[in-house]
Every structure is written in structure tokens, then in C-alpha cells.
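So the structure is just underneath, and the comments pick up after that.
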2 protein chains.
Amino acid sequence: MDTFHFKSQENLSLRQRVMNDIRNAIIQGHLKPGDKLKELEISQQMSISRGPIREALRDLEALGLIVSSPYRETTVAEVRKEEVVDLLIPIRLQLELFALKYNLAKRDEVFFGNLSSIVERMKVSATNGDLFALVEEDIQFHEHILSLDNSSYIMQIWSGIVNRLRMHFIKNTSKFTDLHKVVEDHEALLNALQNDSAEKIEALWTRHIKDEDCLLCFDDESEQGSD
Amino acid sequence: MDTFHFKSQENLSLRQRVMNDIRNAIIQGHLKPGDKLKELEISQQMSISRGPIREALRDLEALGLIVSSPYRETTVAEVRKEEVVDLLIPIRLQLELFALKYNLAKRDEVFFGNLSSIVERMKVSATNGDLFALVEEDIQFHEHILSLDNSSYIMQIWSGIVNRLRMHFIKNTSKFTDLHKVVEDHEALLNALQNDSAEKIEALWTRHIKDEDCLLCFDDESEQGSD
DNA sequence: TGTCGATCGATTGTTGACAATCCTGAAATC
DNA sequence: GATTTCAGGATTGTCAACAATCGATCGACA
């Protein structure tokens, strides 16, 4: 069993720590779209100077989690549903298909073992009804696919997308109910990876991502912003 | 070491100016993949402090133009050809199809007029054999499509992609010869936008982007890295 | 002579102060 | 009473100094 513990922020740079903290606050819903982020306030809250905070804000801006303009306040970004459905998800699909296509040889036993243990944890989370944990494990599953390809640039694009997906998800948690289907889907993916042809995998993957992400993209009942 | 001097960006913040300067140096080939970027050196060269430079470097890192690790030197990023062909270009296609799909109503006369004038300039550049200008106009054409959708996030993804495409292009300029075909292609695109159905436009667009970007992605003769 | 470890210079990370800009709101004018 | 102007505070942008870390060089020791 392997555990991904990403704690020990002690040895990270301040910039990284600030960045993670704010990022978490956003994707966990403590900071909502439109909320203001003031450098001085954050710096006092964390007892550090404004320098690292400014750099962390640049990072977050690059991730698409916040927006800022010169000499004006910086705020948490909005996420549009159409953007998620018709842009982020197709791009996400491209990323994963790319990683699958070019790293066939790297799918070894260790790799499958890791995926398998992630799925096991998903089962536990689903049984416990722990939606948040399940989502994180879902993300880990797909991130593990991407990590096959040793490209920091791919992980960079992925970060931006997945964070925005999380932001969108935060708004729709209540309707996300069929937890066990998520687990079954990923079991099927894992099984296909081990047994099926590239074409079948690609087809299954495509269907899964459109399907799965639809779970995160319910029609939020009345949110019909006409523009 | 060659020195570059840039035009007046007087009203931009220093961070923006540094960012633009370095970005241009990279996509124009003055800085090549692997070259080191030292904060102190840049700050002395530009007669400013290291603060804005550090923030600009964060921006450039987010764009995928440079890479850095803590306390280590930061260098100009590498671009892999497979990444360009099988990832960046499909994503680019998704971006444009998205913008086209959701902004049908915004394609007014002004919009077509702008596209048309871009194409006119392309003709001039093609006739002059000015490859660099042609590429920039090509980019403007497609950027104009994306700007239909009023999303800063889309432009953000686009920036990262287009800069990396430019980096890749820099390596292959010599073989890029059929300038007038580029112009004709864009004329066809413009014509289709004005006259054809959404389906036909989508099909043409898809073909064009795969086609056009192939121009930028020649098999660089012997660069067969076996991995 | 080859390997290990300490020291030093180079580079990045962090800080607190100062400068530039924006926003608010009250006073002045019509 | 409504609009404009201009202070004052709040916030972001920039700077120069200091601290932490890395890499290379040089010397000690087997």
C-alpha cells in the first residue's frame, strides 16, 4: 500500500506554501468566486512579508484560480459551466489520451498496482459516503495516468484544469450521489488498460471522461445566466 | 550574448515589461532552450530590482516558456515535437472550435472586416517573403476567433500554447516555404465562416489546423531521439 | 593518487521600507 | 440638491539589504 501524503510543507518555500494554502481555500469553497484577496491581509495572517505572497498570487493567476489587474484588487475567479463542459473536459481528454498513447511501455506492474490501490481507496470512500475523498482519489487516478508521461508542462496544464474542475464541483456537490458508479467506472478503466486494445481503451476512456465529468456538471437547476 | 532593445512599453508595469522582453527574446530565438536566466544579471541589464523580475519569471514559467526549481537556476524550456503535434495542436483545435460554437451571434461585419484585413496583410507578407510577419498574422487571425469568446481563461491557455508553438517554429523556419498556401487557407476559412454551415466550418477548421500546424512541424530531418 | 568534506562565491529566497496608484468620501461650486 | 474636485487612506508596485541554499574549488586523509 502506498500513501500519498503531501504534508511536510515545512521545507517548501513560502511562496509554495502560500500558494497551496490559498489554492486549497478556493477549491474547498472557503474562498468563493468574487472574494477579494489583499496582500497585506494575507501577509499578516501568515506572519510573512508580501514578497512571497505576490509571487504565489502570480502562480494562482496562472492556474486560472484568481484574476487581477494592475493596482486593482485581485479576486477569486469565476467558472462558467460551458467552459467546463465544452472546453476543459475535451482538453482533459486530450491530455489523457496523449499520455496513454505515448507511454504504453511504462505501464508496468508497479503502475497497475498504484492504480489498483487508488481504486481500493475509492471503494472505501464510496462506502463511507465520503464524497470529497472520492473526488480526490478520482483525480489521483487520472493524474497517475498523466504522470506516465514525464512532462512538467502536461502536469501544468492539468493543474489548471483540475483546479477549475474542482471549483465547479464545489458548487454542485449536493447532487452528486451515485458514488459506487464512480468506483465501478474506474475499475472498468483499469481492467481495460490491462486487457484491451489501444482502440478500445481510447473509446472507453473518451466515454468515461465525458460521462464522469457530466456528473460534476449537472444542470444546476436555475442557474440560467442569459448572456 | 547579444543585446536587444525593445519598444516603448512605458505604461506597463515593470513586471509586464520584463515578461514581454524575455518572452520575445525566447520566441524570437535569441534565448534558446537550456539557456540560463539569472535574476541579478537581468536586473542589472534592465536597471531595475529583482522583485519584478522574479514575478515575471513566475509568469513565464506558467506559460511554459521557462522552467525553474527552488534555489536552482531557471532555464529556457525545451519543446518536444510529439507534445506539439499530439497535444498542443489538438488543444488548440478545441479552443477554436469552442469559441466558434458559442459565439455565432458575435460574428458581425466588424468581425469579418477585421479578419479580412488580417488576410490582406498576410498577402503582403507572403508576397514579400516575410515569414515572421506571416506567422504573426496567422496567429492574429486565430486569436481573433478566440477573442469572440470573452474569456480571459481561454486567452490564457492560448497564450501558453501559441508561445510554445512559436518556440517550436523557431527551430524549423528554414523549411517553411509555401507562404501563399497559408494565405489561401485562411481565405478559405474566412469564406467558410461567412457562407457555410457550422458542420462544414468545423470540418474545414479541423483539417486546416492539423494541416497548417504540420507546416510548423516538419520532420526535422534526423532528430530521431529513440527513447 | 583518488575520494571525501569543508569553505567560499554565486544565486535564489525573504524582508521591511518607500513610491505610485486607486478608491472613498467630504467639501466646494453651480 | 446635484456634480465636480481634491484630499486622505488603502492597496499594489518597487527597491535595496539581508538570509538561506547550492555548486565548485581546494585541501586533508587513506
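Here the structure is a predicted model, which is why all the values come from computation and not from measurement. Chain A is the first sequence line, chain B the second, and so forth, proteins listed ahead of strands; every chain is numbered from 1.
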note: B:E73, atom CD; D:dT21, atom C1'; distance rounded to Å ~ 14 Å
Rounded to whole Å, the CZ-P distance (A:R54 to D:dT11) equals 14 Å
Rounded to whole Å, CG of B:D59 lies from C1' of D:dG13 at a distance of 14 Å
Taken to the nearest whole Å, CD1/B:I42 to C1'/C:dT11 is 12 Å
Dump every N/O contact between nucleotides 16-18 of chain D and the protein below 3.5 Å, one line per pair.
none

To the nearest angstrom, the CD1-C1' distance between A:I53 and C:dG13 comes to 14 Å
Here the distance between atom C1' of C:dT14 and atom CZ of A:R17, to the nearest Å, is 12 Å
In B:L95, B:N163, B:I91, B:I145, the residue satisfying side-chain contact (heavy atoms from CB on, under 4.5 Å) with B:W158 is B:L95
Q.
What I want to check is whether the side chains of B:T74 and B:E61 have a donor and an acceptor closer together than 3.5 Å.
A. no
Nearest heavy-atom approach of B:G34 to B:E78 is N-OE2, 4.0 Å
Here the gap from B:I209 atom CD1 to B:L93 atom CG, rounded to the nearest 0.5 Å, amounts to 5.0 Å
Contacts of A:P70 and A:R15 projected onto DNA chain C by closest heavy atom; the upstream (5') one is A:R15
Point to revise | Heavy-atom donor-acceptor pair, A:N24 side chain to A:N20 backbone, under 3.5 Å | key: yes
Axis-to-axis angle for the helix from C:dT1-D:dA30 to C:dC30-D:dG1, ends of five pairs each, to 10°, equals 0°
Separation of D:dT11 atom P from A:E39 atom CD, nearest Å, is 11 Å
Quick one: sort the B:H186 and B:F141 rings into parallel, tilted or perpendicular, breaks at 30° and 60°.
-> perpendicular
To the nearest angstrom, the OH-C1' distance between B:Y71 and C:dG9 comes to 16 Å
Of the candidates C:dT14, C:dT11, D:dT11, the side chain of B:K38 sits closest to C:dT11
Verify the contact: side-chain N or O of A:R72 to OP1 or OP2 of D:dT11, cut-off strictly under 4.0 Å; return yes or no.
-> no
* Asked: Relative to each other, are the rings of A:H208 and A:H142 parallel, tilted or perpendicular (30° and 60° limits)?
  -> parallel
Contact class for A:L37 vs. all strands (heavy atom < 4.0 Å): base, sugar-phosphate, or nothing?
sugar-phosphate
Practice prompt. Considering only NZ, NE, NH1 and NH2 on the basic side and carboxylate oxygens on the acidic side, decide whether B:E55 and B:R58 come within less than 4.0 Å.
Written response: no
Q. For atom NZ of B:K106, is the number of surrounding heavy atoms from other residues, nucleotides or ligands below 6.0 Å larger than 12?
A. yes
